[in-house]
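Here is the structure we will look at.
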Amino acid sequence: MDIIREKGEEVYSISADASIKDAVDLMVEKNIGAVMVMEGKRVIGIFTERDLLKRACANCLKLSETPVREVMTAGVICGAPDDDIQYAINVMTQHRIRHLPICDETGLKGLISIGDIIKVMYKNVEIENKMLKNYISDQYPG
C-alpha cells in the first residue's frame, strides 16, 4: 500500500498484559490514536481512544490496574499491502473503524488511519488540479 511506503512501517504496540494507563501514556507520548496489542509478532487486538472511552472510562475501570486485554478490540480487521486506497476506505467505512492494520503472511506491516488516507487523497487532488491547470493554460495561452 502506497500509504505505508510513504508513512513508514513504524507501528507502536503494547502487550495485552500492560495496563490501560501504559497504553494511554504511549498514545499521549507518540500523539497517536491507537496502539496495536501484540503477542510476540502476532496481532491479537487494537486499543484505541474509542476503547478507552467506551470500555474503560464508561465502566470506571482503574487505568493503572486493568490490563489492556480487558478493553481492547479483539478480532482485528486487517488490510493487505497490495490493497488500494478505495478498498481500505470501503473496509473502514463498512466496519466503522478509524485505524486499519496492514498485514501479510509475515505479520504486521503498518497501521493506517483515516487521516493518512485523507492526506494522500488531498495530495492526489492537488496534483490533478495542477495538471489540469497546466493543460488548460497550454490549450488557451493568455
Side-chain angles (χ1 to χ4, degrees), residues 1-139 142:
M1 182 168 281
D2 290 337
I3 296 174
I4 296 297
R5 281 189 286 280
E6 189 171 308
K7 177 181 178 179
E9 293 184 6
E10 184 172 29
V11 177
Y12 298 103
S13 64
I14 199 157
S15 78
D17 294 324
S19 71
I20 297 170
K21 182 180 181 328
D22 291 337
V24 170
D25 288 346
L26 177 61
M27 291 164 67
V28 169
E29 175 190 337
K30 301 300 182 184
N31 195 29
I32 55 175
V35 293
M36 297 307 303
V37 182
M38 307 290 289
E39 202 167 76
K41 290 190 173 216
R42 191 169 66 92
V43 173
I44 62 168
I46 188 169
F47 178 75
T48 68
E49 295 163 325
R50 195 179 280 179
D51 294 323
L52 174 65
L53 293 173
K54 289 175 77 174
R55 296 191 183 116
C57 294
N59 294 316
C60 299
L61 299 177
K62 292 186 177 182
L63 302 185
S64 59
E65 297 175 13
T66 307
V68 169
R69 81 170 60 255
E70 290 186 22
V71 295
M72 70 182 188
T73 298
V76 177
I77 298 163
C78 292
D82 59 347
D83 290 343
D84 63 19
I85 290 177
Q86 191 58 53
Y87 179 79
I89 291 169
N90 291 342
V91 168
M92 294 170 87
T93 302
Q94 179 181 1
H95 295 282
R96 300 188 59 180
I97 57 176
R98 296 179 184 155
H99 299 88
L100 183 66
I102 305 301
C103 303
D104 68 9
E105 61 281 345
T106 64
L108 184 63
K109 292 296 170 198
L111 178 65
I112 62 171
S113 70
I114 200 72
D116 297 326
I117 289 175
I118 290 170
K119 285 177 197 171
V120 168
M121 291 177 71
Y122 181 76
K123 184 178 177 181
N124 290 343
V125 167
E126 282 185 322
I127 291 168
E128 184 177 313
N129 188 20
K130 185 174 183 174
M131 290 172 60
L132 287 171
K133 284 179 181 179
N134 289 339
Y135 174 78
I136 291 170
S137 66
D138 288 346
Q139 294 296 311

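The basis for the numbers below is simple: all heavy atoms, side chains too, and nothing from hydrogens, waters or symmetry mates. These numbers were taken from a predicted model, which means no experiment stands behind them.
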Step-by-step side-chain contact (heavy atoms from CB on, under 4.5 Å) determination, Glu29 to Tyr12: CA-CA 11 Å; Glu29 175 190 337; Tyr12 298 103; over 6 Å; no
Verify the distance criterion only: is there a donor paired with an acceptor across the side chains of Asn124 and Glu128 at less than 3.5 Å? no
Specify the closest pair of heavy atoms between Arg50 and Arg96, including all atoms of both residues, with the distance to one decimal. NH1-O, 3.0 Å
Kindly compute the distance separating CE (Met92) from CG (Leu100), expressed to the nearest 0.5 Å. 5.5 Å
Lys21 atom NZ, over 12 foreign heavy atoms within 6.0 Å: no
Locate the shortest heavy-atom distance separating Val35 from Ile14; write the atom from each residue and the value. CG2-CG2, 3.9 Å
Please check: side-chain N/O of Asn59 versus main-chain N/O of Leu61, any donor-acceptor pairing under 3.5 Å? no
Check whether any side-chain heavy atom of Lys41 sits under 4.5 Å from a side-chain heavy atom of Leu108, and report yes or no. no
Are the side chain of Asp104 and the backbone of Gly107 linked by a donor-acceptor contact shorter than 3.5 Å? yes
Point-to-point distance, once rounded to the nearest 0.5 Å, from CD1 of Ile46 to OG1 of Thr73: 7.0 Å
In sequence, state the C-alpha distance, the side-chain angles, and the governing distance for Ser137 and Asn134, and then conclude on side chain to side chain donor-acceptor pair (under 3.5 Å). CA-CA 5 Å; Ser137 66; Asn134 289 339; 4.6 Å; no
If we ignore angles and hydrogens, is there a donor and acceptor under 3.5 Å between the side chains of Asp22 and Ser19? yes
What is the minimum heavy-atom distance between Ala88 and Ile117, and which atoms define it? CB-CD1, 4.1 Å
Output for pair (Asp17 CG, Glu70 CD), nearest 0.5 Å, gives 10.0 Å
Which heavy atom of Val68 sits nearest a heavy atom of Ser15, and at what distance? CB-O, 4.3 Å
Hey, are the side chains of Ile77 and Val91 touching, using non-hydrogen atoms and a 4.5 Å cut-off? yes
Minimal heavy-atom distance between Pro101 and Leu111, with the atoms involved, is N-CD1, 3.5 Å
Please round to the nearest 0.5 Å and tell me the distance separating atom CZ of Arg98 and atom CD1 of Ile114. 9.5 Å
Is the closest side-chain heavy-atom distance between Phe47 and Met27 below 4.5 Å? yes
With rounding to the nearest 0.5 angstrom, report the CD1 to CD distance, Ile4 to Glu10. 12.0 Å
In this structure, which one of Val125, Ile85, Ile112 forms a side-chain contact (heavy atoms from CB on, under 4.5 Å) with Val120? Ile85
Can you check whether Ile44 reaches Met38 side chain to side chain, under 4.5 Å on heavy atoms? no
Please report the interatomic distance CD1(Ile127) to OH(Tyr122), rounded to the nearest 0.5 Å. 11.5 Å
Residue pair Leu52 / Thr48, side-chain heavy-atom distance below 4.5 Å: no
Nearest heavy-atom contact between His99 and Ser113 is CD2-CB, 3.8 Å
Looking at Arg42 and Glu39, is there a salt bridge between them, counting it only when a charged N and a carboxylate O are closer than 4.0 Å? yes
